[in-house]
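Here's a structure for you.
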Amino acid sequence: MHKGGFDLKSILAISSSPRRNGNSELLLQSFAKGAEEEGCDVSLVRINELNIKPCQACDGCAATGECVQKDDMKNIYPQVASAAGIVLATPVYFGSLSAQLKAFIDRFQSWWHAKYRLNMSKVKPEEGKKAFFICVGALQKKEYCESALAVAKIFFHNINYQYKDCICQRGVDEKGAIKEYPEALQNALDAGRDFAGQTPDL
Ligand SMILES: Cc1cc2nc3c(=O)[nH]c(=O)nc-3n(C[C@H](O)[C@H](O)[C@H](O)COP(=O)(O)O)c2cc1C
């Protein structure tokens with residue numbers, strides 16, 4: 001709750017690198033700081049430190065829209081359902097997302113069933129929830145970031161969050177090397193501020 005007594009806009013910040021305080025997470029933290037400066041309440045979730053198994057394609061969610069696996073995703077679903085905004089951060093791995101983030105995304109197959117088969121979307125498009133994407137790769141090839149972003153956009157569409165923008169940082173490899181690019185961190189902070197203004201009051 002905000003000091004004034006009204007609810008802060010909540011933003012869910014998903015860090016998916018196995019490197020705590022790695023490059024993508026440092027950009028995410030700057031983004032979060034910017035959003036917090038604009039009055040948002042940002043929850044940072046490090047999915048590498050959670051127990052999140054890959055989708056088993058068991059169709060256990062087909063009739064209910066609820067995943068039947070019992071792991072840490074049970075705490076994530078309500079957070080995604082109630083947030084005003086979501087931001088995903090990932091290192092680029094072999095031209096795609098981290099395995100941690102892909103497993104996380106695939107677990108929203110239950111939401112796919114809810115939306116497309118059961119007509120009971122967990123988030124309604126008219127709620128106007130917003131999404132942002134951050135990725136960091138070592139190489140300059142922009143194709144690597146494009147593949148990762150394409151997957152993220154499909155995910156955002158599936159969960160009825162409107163994709164707003166991305167930061168695709170290339171040419172950064174060693175852990176923490178992003179600190180040598182203060183303009184990139186500032187850019188992430190500014191993006192977080194902007195994003196805060198775009199998320200809805202729920
Ligand atoms: C398994 C693995 C695969 C990678 N594949 C790519 C790649 O395809 N393209 C690229 O530009 N960088 C690649 N990298 C480098 C990382 O994207 C880079 O080190 C990045 O800064 C890591 O971000 P982090 O500190 O947030 O984990 C790879 C690194 C690892 C460990």
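Counting convention: from 1, in listed order, for ligands and their atoms alike. What you see below is based on every heavy atom in this structure, not just the backbone, and it leaves out hydrogens, waters and symmetry mates.
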**Report entry** Numbering as shown, the atoms of ligand 1 that approach Val172 to under 4.0 Å (heavy-atom distance)
**Finding:**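 Counting from 1, the qualifying ligand atoms are 18 (C), 20 (C), 21 (O).
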Query raised in the report: Can you tell if the side chain of Val80 reaches within under 4.5 Å of the side chain of Ile76, non-hydrogen atoms only?
Result: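 A side-chain contact exists here, since the closest heavy-atom pair is under 4.5 Å.
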Query raised in the report: Among protein heavy atoms, which lies nearest atom 13 (C) of ligand 1, and at what distance?
Result: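 Here the nearest protein heavy atom works out to Val92 O, 3.1 Å.
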Query raised in the report: Taking heavy atoms and a distance under 4.0 Å, where does Tyr144 meet ligand 1: side chain, backbone, both or neither?
Result: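 It is the side chain that touches ligand 1; the backbone stays farther off.
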Requested in this report: For Gln109 and Asp59, indicate whether the former's side chain and the latter's backbone hold a donor-acceptor pair under 3.5 Å.
Outcome: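 No.
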Query raised in the report: Thinking salt bridges, do Glu143 and Lys141 make one under a 4.0 Å N-O criterion?
Result: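 Looking at Lys141 together with Glu143, the answer is no, because their closest N to O distance does not fall below 4.0 Å.
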**Report entry** Ligand-side contact atoms (ligand 1) for residue partner Ser17, heavy atom cut-off under 4.0 Å
**Finding:**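 Every atom of ligand 1 under 4.0 Å from some heavy atom of Ser17: 24 (P), 26 (O), 27 (O).
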Query raised in the report: Can you tell me if Ser24 and Ser17 form a side-chain donor-acceptor pair at under 3.5 Å?
Result: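 Absent: no donor and acceptor within the cut-off.
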Query - Pro91 N/O to ligand 1 N/O under 3.5 Å - result: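 Min N/O separation from ligand 1 is not below 3.5 Å for Pro91.
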Report task. Report the distance from atom CD of Glu66 to atom CG of Leu118, rounding to the nearest 0.5 Å. Result ->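 Atom-to-atom, Glu66:CD and Leu118:CG are 10.0 Å apart.
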Report task. Give yes if a backbone or side-chain nitrogen or oxygen of Val136 is under 3.5 Å from a nitrogen or oxygen of ligand 1, and no if not. Result ->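 Yes; the residue has a nitrogen or oxygen that sits under 3.5 Å from a nitrogen or oxygen of the ligand.
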Query raised in the report: What is the ring orientation for Phe108 with Phe155, classed by angle as parallel under 30°, tilted 30 to 60°, or perpendicular over 60°?
Result: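 Because their plane-to-plane angle is over 60°, the rings of Phe108 and Phe155 count as perpendicular.
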Requested in this report: Would you indicate which of Gly22, Ser24, Ala99 comes nearest to atom 26 (O) of ligand 1 when only heavy atoms are counted?
Outcome: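 Nearest option to atom 26 (O) of ligand 1, by heavy atoms: Ser24.
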Query raised in the report: Which residue supplies the protein heavy atom nearest to atom 12 (N) of ligand 1, what is that atom called, and how far is it?
Result: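 Answer, as residue, atom name and distance: Ala138 N, 3.1 Å.
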**Report entry** Linked, directly or transitively: Tyr181 and Leu28 (ILVMFWY side chains, under 4.5 Å)
**Finding:**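 Hydrophobic grouping puts Tyr181 with Leu28.
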Query raised in the report: At a 4.0 Å cut-off, with the gap strictly under it, does some heavy atom of Lys175 reach an atom of ligand 1?
Result: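 No, Lys175 has no heavy atom closer than 4.0 Å to ligand 1.
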Query raised in the report: For the side chain of Lys9 and the backbone of Ala196, is there at least one donor-acceptor N/O pair under 3.5 Å apart?
Result: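 The answer is yes, because a donor-acceptor pair under 3.5 Å joins these two groups.
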Query - N or O contact, Arg19 vs ligand 1, cut-off under 3.5 Å - result: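 Yes - when backbone and side-chain N and O of Arg19 are compared with those of ligand 1, one distance drops under 3.5 Å.
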Query raised in the report: Any nitrogen or oxygen of Glu174, main chain or side chain, under 3.5 Å from a nitrogen or oxygen of ligand 1?
Result: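 So ligand 1 has no N or O lying under 3.5 Å from an N or O of Glu174.
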Query - The one among Ile134, Asn48, Asn23, Asn21 that brings a heavy atom closest to atom 25 (O) of ligand 1 - result: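 Of the listed residues, Asn23 has the closest heavy atom.
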Query - Which of the ligand 1 atoms, numbered from 1, are nearer than 4.0 Å to a heavy atom of Phe94 - result: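 That gives atoms 3 (C), 4 (C), 5 (N), 6 (C), 7 (C), 8 (O) of ligand 1.
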Query raised in the report: In terms of ring plane angle, is the pair Phe132 and Phe195 parallel, tilted or perpendicular, where the classes change at 30° and 60°?
Result: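 The arrangement is perpendicular - the two ring planes meet at more than 60°.
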Report task. For the pair Gln79 (side chain) and Asn75 (backbone), establish whether a donor and an acceptor sit closer than 3.5 Å, ignoring hydrogens and angles. Result ->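 Here the side-chain-to-backbone pair exists.
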Query raised in the report: Of the protein's non-hydrogen atoms, which lies at the shortest distance from atom 2 (C) of ligand 1, and what is that distance?
Result: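 Looking only at protein heavy atoms, the one closest to atom 2 (C) of ligand 1 is Tyr93 CD2, 3.4 Å.
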Query raised in the report: What protein heavy atom is closest to atom 19 (O) of ligand 1, reported as residue, atom name and distance in Å?
Result: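 For atom 19 (O) of ligand 1, the nearest protein heavy atom comes out as Asp173 OD1, 2.6 Å.
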Requested in this report: May I ask you to check whether Pro18 has an N/O atom sitting below 3.5 Å from an N/O atom of ligand 1?
Outcome: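 So ligand 1 has no N or O lying under 3.5 Å from an N or O of Pro18.
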